[in-house]
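Contents: one structure, followed by commentary.
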Amino acid sequence: MYIEIRLYHGLDRYLPKGEGEYGRRLDVPPETTAGQVLASLGVPVHKAMVLFIGGRVVGRNYVLKSGDVLTAMLPAGGGV
Amino acid sequence: MDKILLIDLKKCTGCETCIDVCSMRHAGAYAEGTSRIRLRRDEARAVFVPLVCEQCAYHPCVDVCPEEAITYDSGLGTFVVDEETCIGCGLCTEACPFEGIHLAADKALKCDLCEGSPLCAKFCYSGAIQWVKVRTETILADLEDKARKMEELRGGYEHQ
Amino acid sequence: MSINRLKFKIARIDLSKGSCEAEIRPQSDFDLYLGGRGLNAKLLFEGQPKGVDPFGPDNQIIFGTGKLVGTPVPTAGQLTITSKSPATDLYFKSNTGGAWAKGLRRAGWDAVVVSGKSEKPVYLVVDDEEISIRDASDLWGKTVRETAAAMAEIFGSGWDFATIGPAGENLVRFACIMTSLYHAAGRGGIGAVMGAKRLKSIAVRGSGKIQVADHEALQSEVLSVLSTIDKSVKAKLYVNYGTAATIEMANESYALPVMNFRRNRIDGGHRLGGTYLVEKGYMVNGAACSACPLACHKFHQVKEGQYKGFSGGPEYETLAALGVGCGVTNPEAVLKGNELCNDLGIDTISAGGVIQWLFESVEKGIVPADIGEGLSLNWGDDETVVELLKRIAYRQGVGELLAEGTKRIAEKFGGDSWKWAVQAQGLEQSCVDTRVAKAYALAFAVNPRGPDHLHAQPMVEFAAFPEAVALFKMLLGKEELPPATSIEGKPELVRWHEDIFAVTDSLGICSFATTSSYIISVASLCRFIESALGMKLTERTLRTIGQRTIVLERMFNVRENPSRRDTLPWRLMNDPITEGPNKGQVNSEAELKEMLDRYYRLQGYDPKTGRPTREGLTSLGLIPDVKGMEAVLEDG
């Protein structure tokens, strides 16, 4: 099934080669979890990393569905 | 001395913590004039240049001093100014291509490497000042680079 | 020159009389308020009656800094500027960084209080102990950069300047004061207060020394903080990306205020984010405030094209207000807009807010489209946004109306346009969607200066990083963070943050250190205070001191406008979110009231009015310490 992955804050260096700025379309087996996708790209485990599906925070064990957009970044926040 | 203070201009953010800790060590208070390291600020381009003795092999300050007040201290591993002998003429400050020596209260002040553990490097978070082993080839190239940049900036300040 | 560690030396300048006087404050001022923001608030309260015209001679403008400034305590470089705002007609404090505050402290001063009004343009010179008033006719009309260049001709290097641009001179109600080419004391129009006094700039140079009680302990604590930064994900984000890293965070989580708070995400929004700005090579360097290792203020360059040039900043708020808020996703345009605001002296948040109001009003037919005199006023028109900033600063064309701010321009055009004037009490809301962040919602409502983030910044509710979890556990005894959309525990969160924030501002360090990135814990702060000033304070004492400032600020507003209520802009309270996982969320009256009720109870305020009580004021010592405080209660 196809999902989209977006990586920011330096994690984007783990994106596979391809088109698009910080996103890539990936073909993954059904029942794959968010954590497994990140591991397959070599993204190091980081306790503070924030994962979103469609804007909602999820954990590494979240089971991906077809068409999901998985975003991973660091916990930025706090403006001036 | 097999280590040197390496200045990376690209990393300096202008926080001036180096100036604070240097002046506290050498003059017992946080101030600017008594620090041996200073900062050139080109705020318009956010370029900040730490000015400190670069421990040149060819030391023009020593050569130009009329009183021979600048001599090598093997314990510290650098040239030091004898404050008794120094007459505050300022010739050394003109000779130095890096503005690494300056006058304060009619005496020439320069870096003495803090007896082998320079505080500026210790407190520099951005890594603009590092206390590193000498690698002759790269050090010479870095120094040339910095001299060139100083010329450029000096030209820039003229127009300010 | 000796600078007494625990007594404040302030300068009182009366521009009407042309006089400068020095005053030494009693040590009780330090014990009760610590200095900076706290002392400023007391001086403002005591030094003017209620009801002064913000543009008149009786309105003071106070530049105060803290006792840690001038030492290498990390982030010790903050200045607080306090006055009555021409946008809100209420209490206003604004903070800024750069190096001006350190110059003031090294000159031997802790605060400069300016009152009166000069007939001709003037500037102040603080040259160590000597203060003089000089003619500024040649400077009036110059932009901030032009002024800095002219001052460099006169003074040479080693000076810092707090300057207004044309916006302040032209009394734009959201004009700001620049303490460098790109450090701004923004919001509220304090730049216009300076402009009304015909005060162009304050030049400062300090050759003095700062002594501390125990420099070895202080410096050892500094090194400890530096090693904390290395282990902190939050802090490293500021080091590597600055506040811009929040843009992609908010965009991806549908928390970004887009198009006047009608949308929460925009395609291409990530182009205004920190990752993009760094990867594409726009970011050049960090420009640190005094003693700050984070250097979060990032300096950018656009190398070619119509927006070519340098830009000091922009920060998250600017990227949101002038960028995605206006439907713009071209980073080069926002870099340009940001630089214009620096140079003209305009607050970016309010500028973006009023421009968004304009775009929506044109869309809805309340404002005629030709009001732009050739400019197309549509969402995403980046050239228009840039051009409007110039018109605002010089009050040209539609700029004349925009310069009055969102509240007043909506009143002028009428209809339903007040509903999308995203402001409360005259201040445009900061670019935080409080419908998805309820602690922020409460903080915005109780902030004495208006719906703005620089009062508490309860960062913990947004993301689960270790410091956040630890803090929440300490405050509520819970391991699990309730979601940002829940009101549970939020009054407790806000109270801790606003107290610590106030103490931070009063000591002259940056709120990003003690809140937001949490690299200086309260325990660490106590160690800094002890090693720098020889005073042993506990967290409990610090919170009381913080409380005192919070309550004092609130009482200024009670005196100034008894009918003022803690509230949020109409849109945030009535228009629910339309997209994303938080669809349907709103800052409803009922929800806000529930948080306020609990907040008032915890603060010891009157539950009906939300006002501090006589008992509360007395127990904090504000009665009898602050002259005129008791009278406010009698006026009822």
Side-chain angles (χ1 to χ4, degrees), chain B residues 8-35 37-51 99 102-105 114 117-129 149 153-154 156-160, chain C residues 3 70-77 98-99 102-103 105-106 145 148-149 152-153 156-158 160 180-183 205-212 215-216 218-219 222-223 225-227 229-230 239 284-301 310-312 532:
Chain B
D8 185 342
L9 294 184
K10 287 187 294 299
K11 292 192 181 147
C12 181
T13 58
C15 78
E16 300 194 1
T17 301
C18 52
I19 295 175
D20 284 345
V21 295
C22 178
S23 66
M24 176 53 82
R25 184 189 161 91
H26 291 95
Y30 297 119
E32 217 151 294
T34 48
S35 172
I37 186 167
R38 295 173 306 151
L39 195 71
R40 263 271 182 235
R41 312 179 69 93
D42 180 356
E43 210 183 79
R45 290 182 291 164
V47 174
F48 308 105
V49 186
L51 306 168
E99 296 187 42
H102 68 104
L103 288 183
C114 294
S117 187
L119 286 181
C120 53
K122 200 168 179 188
F123 282 85
C124 179
Y125 184 76
S126 69
I129 307 173
K149 191 101 201 180
L153 284 169
R154 251 194 291 266
Y157 294 127
E158 240 62 73
H159 299 302
Q160 184 105 7
Chain C
I3 300 161
T71 76
V73 172
T75 78
K102 185 166 92 168
R105 284 271 297 148
R106 295 264 172 96
R145 273 181 187 265
E153 293 266 315
S157 64
D160 289 287
S180 77
L181 295 182
Y182 33 75
H183 287 96
R205 178 183 67 172
S207 68
K209 306 180 216 198
I210 305 279
Q211 305 279 8
V212 294
H215 74 271
E216 298 218 6
L218 190 151
Q219 287 177 198
V222 171
L223 291 175
V225 170
L226 297 189
S227 72
I229 296 172
D230 279 334
V239 173
V284 167
N285 196 6
C289 302
S290 301
C292 180
L294 299 178
C296 77
H297 195 44
K298 300 304 180 194
F299 192 84
H300 298 85
Q301 185 182 15
F310 290 107
S311 188

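In what follows, chains are A, B, ... by sequence order, proteins preceding strands, each numbered from 1. For clarity, every value in this text was computed on a predicted model and none was experimentally measured.
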- Atom of Gly28(B), atom of Gln211(C) and distance for their closest heavy-atom approach: O-OE1, 3.0 Å
- Item | Flag, side chain of Glu43(B) to backbone of Leu181(C), donor-acceptor distance under 3.5 Å | yes
- From Ser157(C) OG over to Arg40(B) CZ, what is the distance, rounded to the nearest 0.5 angstrom? 6.0 Å
- Least distance between heavy atoms, Leu218(C) atom then Tyr30(B) atom: CD2-OH, 3.9 Å
- Result of checking Leu9(B), Thr13(B), Val47(B) against Asn285(C) for side-chain contact (heavy atoms from CB on, under 4.5 Å): Thr13(B)
- Message: As an exercise, state the distance from CD of Gln219(C) to CE of Met24(B), rounded to the nearest 0.5 Å.
- Response: 6.0 Å
- Query: What is the minimum heavy-atom distance between Gly208(C) and Ala31(B), and which atoms define it?
  - Reply: O-CB, 3.7 Å
- Note on the structure: Of Ser180(C), Ser290(C), Cys289(C), Gly77(C), the largest count of non-hydrogen pairs under 4.5 angstrom with chain B goes to Ser180(C)
- Determine which residues belonging to residues 120-128 of chain B lie within contact range of chain C, meaning some heavy atom pair is under 4.5 Å apart, and list them by number or answer 'none'. Lys122(B), Phe123(B), Tyr125(B)
- Message: Please find the pair of heavy atoms, one from Pro72(C) and one from Val21(B), that lie closest to each other, and give the distance.
- Response: CG-CG1, 4.4 Å
- Note on the structure: Under 4.5 Å to a heavy atom of chain B? For Ile229(C) that would be both
- Query: Most heavy-atom pairs under 4.5 angstrom with chain B, which of Thr71(C), Asp230(C), Leu223(C)?
  - Reply: Leu223(C)
- Query: Which answer fits Ala44(B), side chain, backbone, both or neither, if we ask what part of it has an atom under 4.5 Å from a heavy atom of chain C?
  - Reply: both
- Take Asp20(B) and Arg106(C) through the salt bridge (charged side-chain N to carboxylate O under 4.0 Å, His left out) test and state the conclusion after the steps. CA-CA 12 Å; Asp20(B) 284 345; Arg106(C) 295 264 172 96; 2.8 Å; yes
- Tightest non-hydrogen contact, residues Cys292(C) and Cys15(B), listed as O-CB, 3.5 Å
